[in-house]
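Some notes on the structure that comes next.
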Amino acid sequence: MTLVFFLFGFLLSSITSHDSARDFCVADLKGAQTTVGYPCKLPKDVTVEDFLFSNFKAGTLNQFNFSFTSATVDNFPALNGLGFSLAKAEIEEGATIPMHSHADATEIVIAGSGPAKYTTGFITSDNVVYMKTLSEGDIFVIPKGLLHFGINSGKGKASGLTIFSSEKPSIQVLDLALFGNNLDSAIVEKTTFLDAAQVKKLKTLFKGSG
Ligand SMILES: *[C@@H]1O[C@H](CO)[C@@H](O)[C@H](O)[C@H]1NC(C)=O
């Protein structure tokens, strides 16, 4: 009899208590971030605003003449533990998103509307190039970890929406890895076969030293 009451009470409490702690782990951005993400906000502190990202549009132009906004766990706490994030890019006519890679995320590119052409491609670890000019409505996949790029190969602005298989993808830009740090110029020259003047010019452009 006691057992029946106990089970009934248990069932009732699991129906009536909203156990949303099992449904999501909205990031407590003030908490310490670990390899598995942020700690969860207490369910009572979660609001609908945590699940909403407003005004998702490309930001200001950078030195490559493209603008970029990303919605990752750092500014969209509901993504915590869910394993994906998004970005939006707008590339000026003739401009390029430079060669870069995301070690921990596959990227899906959805071509934007308009007459501009968005050409994208990736290079495999055995250096085969897969490259495609996308039309409106096309979706292209860039497998995890591979170097890839984007080019506006048409007239006007080109835009694209990207989805990453990580809530906080890493980004390594090849130009910055080579020329945007204090790696000794002599080593950069040796490993790239560029001459000293070219390395100096690129170190200046990408704010490197050494
Ligand atoms: C960016 O655009 C400006 C203005 O059109 C142009 O002068 C400059 O060369 C462009 N830079 C790149 C990297 O495309």
Side-chain angles (χ1 to χ4, degrees), residues 55-72 74-75 85-103 105-124 127-164 168-210:
N55 202 21
F56 186 50
K57 60 181 186 201
T60 50
L61 274 188
N62 58 26
Q63 73 182 124
F64 295 99
N65 284 350
F66 75 91
S67 56
F68 182 79
T69 292
S70 49
T72 70
D74 289 338
N75 57 4
S85 58
L86 303 94
K88 196 166 206 179
E90 257 183 27
I91 318 174
E92 299 293 295
E93 194 171 309
T96 298
I97 296 178
M99 202 70 75
H100 65 283
S101 63
H102 312 285
T106 290
E107 177 176 330
I108 288 174
V109 180
I110 304 170
S113 58
K117 292 288 182 200
Y118 188 109
T119 300
T120 184
F122 63 85
I123 302 169
T124 65
N127 302 314
V128 178
V129 179
Y130 290 85
M131 185 169 128
K132 188 75 186 166
T133 295
L134 307 180
S135 301
E136 182 177 352
D138 283 352
I139 299 175
F140 192 74
V141 177
I142 294 161
K144 187 189 279 194
L146 300 181
L147 280 169
H148 59 283
F149 56 91
I151 299 169
N152 180 345
S153 54
K155 295 276 172 221
K157 277 184 210 259
S159 65
L161 177 69
T162 55
I163 300 168
F164 300 97
K168 189 179 177 171
S170 69
I171 302 176
Q172 185 166 38
V173 179
L174 188 56
D175 290 316
L176 298 178
L178 288 170
F179 311 111
N181 52 34
N182 63 358
L183 182 61
D184 191 336
S185 290
I187 296 175
V188 180
E189 287 160 35
K190 279 201 173 82
T191 59
T192 60
F193 291 92
L194 294 170
D195 64 37
Q198 287 166 324
V199 170
K200 192 171 191 309
K201 179 189 138 188
L202 289 161
K203 283 236 180 206
T204 305
L205 190 58
F206 295 111
K207 300 184 169 54
S209 58

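For the numbers below, each heavy atom of this structure counts, side chains included, while hydrogens, waters and symmetry mates do not. When a ligand or atom number is given, it counts from 1 through the structure's own listing order.
- Although no hydrogens or angles enter the test, the distance criterion places no donor-acceptor pair under 3.5 Å between the side chain of Asp175 and the main chain of Gly180.
- In this structure, His148 contributes its side chain and His100 its backbone to a donor-acceptor pair below 3.5 Å.
- Thr69 places a side-chain N or O within 3.5 Å of a backbone atom of Lys57 that can act as its donor or acceptor partner.
- Ionic pairing of Glu92 and Lys157 is present here: one or more N-O contacts between side-chain nitrogen and carboxylate oxygen are shorter than 4.0 angstrom.
- Taking the six-membered ring for Trp and thresholds of 30 and 60 degrees, Tyr130 and Phe122 have nearly parallel ring planes, at less than 30 degrees apart.
- For the pair Thr106 (side chain) and Lys144 (backbone), a donor-acceptor distance under 3.5 Å is present.
- For ligand 1, residues of the protein lying within 4.0 angstrom by heavy-atom distance are Gln63, Asn65.
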